[in-house]
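So the structure is just underneath, and the comments pick up after that.
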Amino acid sequence: MDFIRQMVSRDLKTGKYGGRVVTRFPPEPNGFLHIGHAKSICLNFGIAGEHPGGRCHLRLDDTNPDTEKSEFVEAMKEDIRWLGFDWGEHLYHASDYFEALYRYAMVLLDKGLAYVDSSTEAEIRERRGSVNTPGTDSPFRDRPVEENRDLFRRMRAGEFAGGAHVLRARIDMAHPNMVMRDPLLYRIRHSTHYRQGDEWPIYPMYDFAHCLSDSLERVTHSLCTLEFENNREIYDWLLEHVGAPPPRPEQTEFAPLVLDYVVTSKRRLKQLVHAGHVRGWDDPRMPTLAGLRRRGVTPEAIRALCDMVGVARAQSRVDSGKFDYAVRNDLNHRAPRAFCVLDPLRVVLTNYPEEREETFTAPSLPGDPQRHPLRELPFGREILIERGDFAENPPPGFRRLVPGGEARLKYAYVIRCEEVVRDAGGRVSELRCSVDHATRGGVAPADRRVRGAVHWVAAARAVPVEVRLIDRLFREPEPPPDDFMSAFNPKSERIVPRALAEPGVAGTKPGTHYQFERLGYFFSDPADCGDGRLVFNRTVTLRDSWAARSGADSQRRPVAAPEAKAEAARGGRRQSPEESMRSDEERRRFRELVALGASEAAAAGLVRSPPLLEVFGRARREYPEGTASIAAWLVNEFTRLLGSDPEARLERLNASALAALARDVDEGDLSHRQARTVAATLLRRGGSLEEAKAGLDLSEIGDESTLRGLLDEILAEYPEKAAAYRGGQAGLLGFFVGEVMKRSRGKADPRKTSRLAAALLKG
RNA sequence: UGGCCCGUCGUCUAAUGGCAGGACACCGGUCUUUGGAACCGGCGGUGGUGGUUCGAAUCCACCCGGGCCAACCA
């Protein structure tokens, strides 16, 4: 289970949201949804669907009138439904909240937490500072509340030109997080909104609209991608200061789906469309859901891909092979088979009667004969095979037709190439072959093995079709961000205007999947088929271990140069904690601590944390000989507790208790395990060491016979593990100790257990 | 000269202080009228150095590497 689902389960268990699970998918309708959105859709709708009463809202985040269109809204709805998800009655628009948002802005204004800034855009940018330098306050930052209210009201009334004023939160222009440097909340825009028309001359910014929309919809888990990490702070700030009712929605970020050889930024997708590099948002080469759909990729495949990829916080790129696998894996069991020859080579069967025609049958879906009828393949004296299935000078390992050699025409006959005919230019124009009549139906006699099987069509009965060989849009796994078009693949679409398919393909309806045997999966184009015209898009090739080995079709599978892992890991010169001290003051304190007896690691930890250092100083005074252990406990255990236990507070830690704890451990009165339990209590409830100890069950099982009983039981239960341990799998000792700890509910003395287990296993 | 986040097989991802596991890719084999599919097997990993601990991928420190942030975009 991924970390987000774990969090949702936890929240459900603790009742944080009263048992509700509400997620949302909030696209801005300024383009088409793409494969990257699919991950978010699967996550948000998936989680909602996994819990009774869970909901996922579809919210159009339409706060920028200049770029948004209802055409995009409709396309998005269609794509989400196609992917297999349903928002039920929960369709929302951020633009429906404009009135409420406006009132929230007034709340901030009243609290003096927002102001109207009349600086120019350039001035605002200038005064924001940079990541390394603090910003400076706007001269309008201290406008009186009444003036702010008046100005903002007039902004809303449309009295000002675009750019004349903005509304900003009043936070801190020197904040280390740039997002918090008085972020803009509203700007003036005299544009016509696709839903609100000219109702509003002011529009809320993302940071303002998003958290409040979530809150208004009573969303519980607001999931977004990693690039919004910095925005979480303003998300929480705004909800708090506007007085949004708790329990408030919380934002959690996950890594976006990044696929090799694919670009998914809206800017770039838009550019591809507008510059005419593709024929539209739904061009089958596009990574948009509409494009993938048109190419023949199924929603099942996309969902399977998202499942395989998982959800985590580590930035990642997905190998394109994973996408291919998901597509093939789904299509393999649903796409009927057919023959289609892309690059025909005429074959005349010299010993086959001129006027004869017979019909062979073949499975349309191997492995599932009852659910799928056999197809019929007419056969005659003249047939067409793939030019690439014949080689005059075959590379080693070539299994298809060669001069004087045999190959199987799948489901028909084994033939032998007797003669190669050339045209005036010397190019092979025809093969004259003989049929082995004993192999009717393509069945070779038992004594003879014919390895090569090729697909074919009867020349007289072949159906012309247009085939579009779709390839990746970019030649590089990661197109350069500054110039992504340099990686554009000019051969991303190769059109075969007149391929020849078996007769059964005639009359295929638009939107039909096929596997053209030995070539790949194809999909009849939903838009371009019609009027007797058949157009097929190649969804994905078949896996082709021959091409991979021979390097023949390198267009489809370029040798992915395995990127040499950055092995510079060790490289550093600055390895000691002392050298990492950032100031003389830090260095001085560090050296002092080390001189006092603290280890370097502990000293470094203390220097960096003034509150820790402060407690340390007080505890040390009470137990000077214990300096090293006090420092170690503080840095190693207390820091961990503080980070993992939400109820732990350093302020509650009593310095004398800490000193006493260290002393007890040093003198052997408290085992490390016991001390850890006590430490947790000290951070939660404070008080003296004795008080903490009194409230805890610190009993320990050190009795050898009891431990032995437990161990015997476990050894009997896992004889194969014991054998593996004796066989050299030393790591298994931890398993046995762990089992004892589990069964004794943490009470066993681990040190004794470990010794005992080692002895027992040896004997 | 900042803040935040992230480093586990080639790739994606589990392991929540106790057996480093799965998937894709790759390699080999069986089978096969698709050099496909299916089935079986194999290769292969905790960025580094210290520390805490009976026990560390997991906690602590430092280092190395990567990402995000300076639109009146989202």
Side-chain angles (χ1 to χ4, degrees), chain A residues 2 6 28 30 61 63-64 67 121 124-125 128-133 135 162-163 166 175-179 181 184 186-189 205-206 210 226-230 233 253 255 266 308-310 312-319 321-322 325 328 332 337 362 366-367 399 408 410-411 442-444 450 452-453 455 515 517-518 542-547 549 560 562-563 565-577 579-580 599-602 604-605 608 632 635-637 639-640 643-644 672 721 724 729 731-739 741-742 749-755:
Chain A
D2 61 73
Q6 285 178 28
E28 184 195 10
N30 67 348
D61 201 4
T63 56
N64 184 351
T67 56
E121 198 173 334
I124 289 174
R125 194 175 14 250
R128 188 144 32 217
S130 77
V131 289
N132 298 320
T133 59
V166 291
H175 202 288
N177 180 357
M178 300 279 307
V179 173
R181 317 245 262 229
L184 272 62
Y186 270 92
R187 76 285 211 189
I188 298 171
R189 236 354 112 75
M205 303 290 291
Y206 166 84
H210 201 86
L226 251 24
E227 68 266 28
F228 291 98
E229 262 167 346
N230 297 325
E233 201 169 356
E253 312 86 21
K266 272 216 196 121
M308 273 191 283
V309 159
R313 274 183 78 85
Q315 28 155 189
S316 56
R317 315 186 54 84
V318 174
D319 188 311
K322 205 160 259 172
Y325 171 83
R328 290 180 189 129
N332 179 46
R337 314 290 133 117
R399 288 205 210 142
R408 186 199 318 273
K410 242 188 134 183
Y411 306 121
V443 190
V450 180
H455 62 278
Q515 185 203 98
E517 292 198 47
R518 305 210 305 132
L542 250 31
R543 215 171 138 253
D544 189 348
S545 53
W546 168 247
R549 186 177 319 178
E563 213 127 333
K565 198 168 187 174
E567 45 104 277
R570 73 199 77 247
R573 321 128 316 223
R574 302 196 317 163
Q575 293 261 324
S576 86
E579 286 165 48
S580 78
S599 73
E600 291 204 340
R608 289 288 153 78
V635 169
N636 286 315
E637 299 295 344
T639 308
R640 176 182 63 84
S644 62
H672 191 273
K721 299 251 190 221
Q729 250 196 71
L732 248 26
L733 184 62
F735 164 75
F736 290 111
V737 176
E739 275 305 303
M741 297 305 289
K742 233 177 277 173
D749 177 335
R751 212 180 296 231
K752 281 184 187 158
T753 305
S754 178
R755 256 199 314 267

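Each chain gets a letter, A, B and so on, in the order its sequence line appears, and its residues count up from 1. For the numbers below, each heavy atom of this structure counts, side chains included, while hydrogens, waters and symmetry mates do not.
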From CD (Glu600(A)) to OG (Ser580(A)), nearest 0.5 Å: 9.5 Å
5′-ward residue of the pair Gly162(A)/Arg640(A) relative to RNA chain B: Arg640(A)
Residue closer to the 5' end of RNA chain B, Arg337(A) versus Glu229(A) (nearest nucleotide): Glu229(A)
Length of the CG-C1' vector between Leu732(A) and rC54(B), whole Å: 16 Å
Watson-Crick/G-U partner (both atom distances under 3.5 Å) of rC4(B): rG67(B)
Partner nucleotide, any strand, of rC62(B) [Watson-Crick/G-U, under 3.5 Å]: rG48(B)
Quiz item: cation-pi between Lys721(A) and Phe735(A), 6.0 Å / 45°: yes
Determine the Euclidean distance between corresponding [atom1] atoms of [M] and [N]; express it in Å to zero decimal places.
N: rU52(B); M: rU13(B); atom1: C1'; answer: 29 Å
N: rA20(B); M: rA56(B); atom1: P; answer: 11 Å
N: rC72(B); M: rG2(B); atom1: P; answer: 25 Å
N: rC31(B); M: rA25(B); atom1: P; answer: 23 Å
N: rG22(B); M: rC9(B); atom1: P; answer: 15 Å
N: rC6(B); M: rA14(B); atom1: P; answer: 13 Å

Does [X] have a side-chain nitrogen or oxygen under 4.0 Å from the phosphate oxygens OP1 or OP2 of [N]?
X: Thr63(A); N: rA74(B); value: yes
X: Arg543(A); N: rA37(B); value: yes
X: Arg328(A); N: rC24(B); value: no
X: Arg608(A); N: rC62(B); value: yes

From the list [options], which nucleotide is the closest neighbour of the side chain of [X]?
X: Trp546(A); options: rU52(B), rU11(B), rG35(B); result: rG35(B)
X: Val131(A); options: rC72(B), rU34(B), rG2(B); result: rG2(B)
X: Met308(A); options: rC69(B), rA23(B), rU13(B); result: rA23(B)
X: Asn230(A); options: rG2(B), rC4(B), rC12(B); result: rC4(B)
X: Arg518(A); options: rG35(B), rC62(B), rC72(B); result: rG35(B)
X: Pro577(A); options: rC12(B), rA61(B), rC72(B); result: rA61(B)
X: Arg187(A); options: rC62(B), rG36(B), rA74(B); result: rA74(B)
X: Pro366(A); options: rG51(B), rU34(B), rC69(B); result: rU34(B)
X: Arg313(A); options: rC12(B), rC54(B), rC5(B); result: rC5(B)
X: Tyr325(A); options: rA14(B), rA25(B), rA70(B); result: rA25(B)

Steps toward side chain to side chain contact (heavy atoms under 4.5 Å, CB included) verdict (Asp61(A), Tyr206(A)): CA-CA 8 Å; Asp61(A) 201 4; Tyr206(A) 166 84; 3.8 Å; yes
Chi class for rA57(B): syn within 90° of 0, otherwise anti: anti
Met178(A) vs Asn230(A), side chain to side chain contact (heavy atoms under 4.5 Å, CB included): CA-CA, chis, key distance, verdict: CA-CA 8 Å; Met178(A) 300 279 307; Asn230(A) 297 325; over 6 Å; no
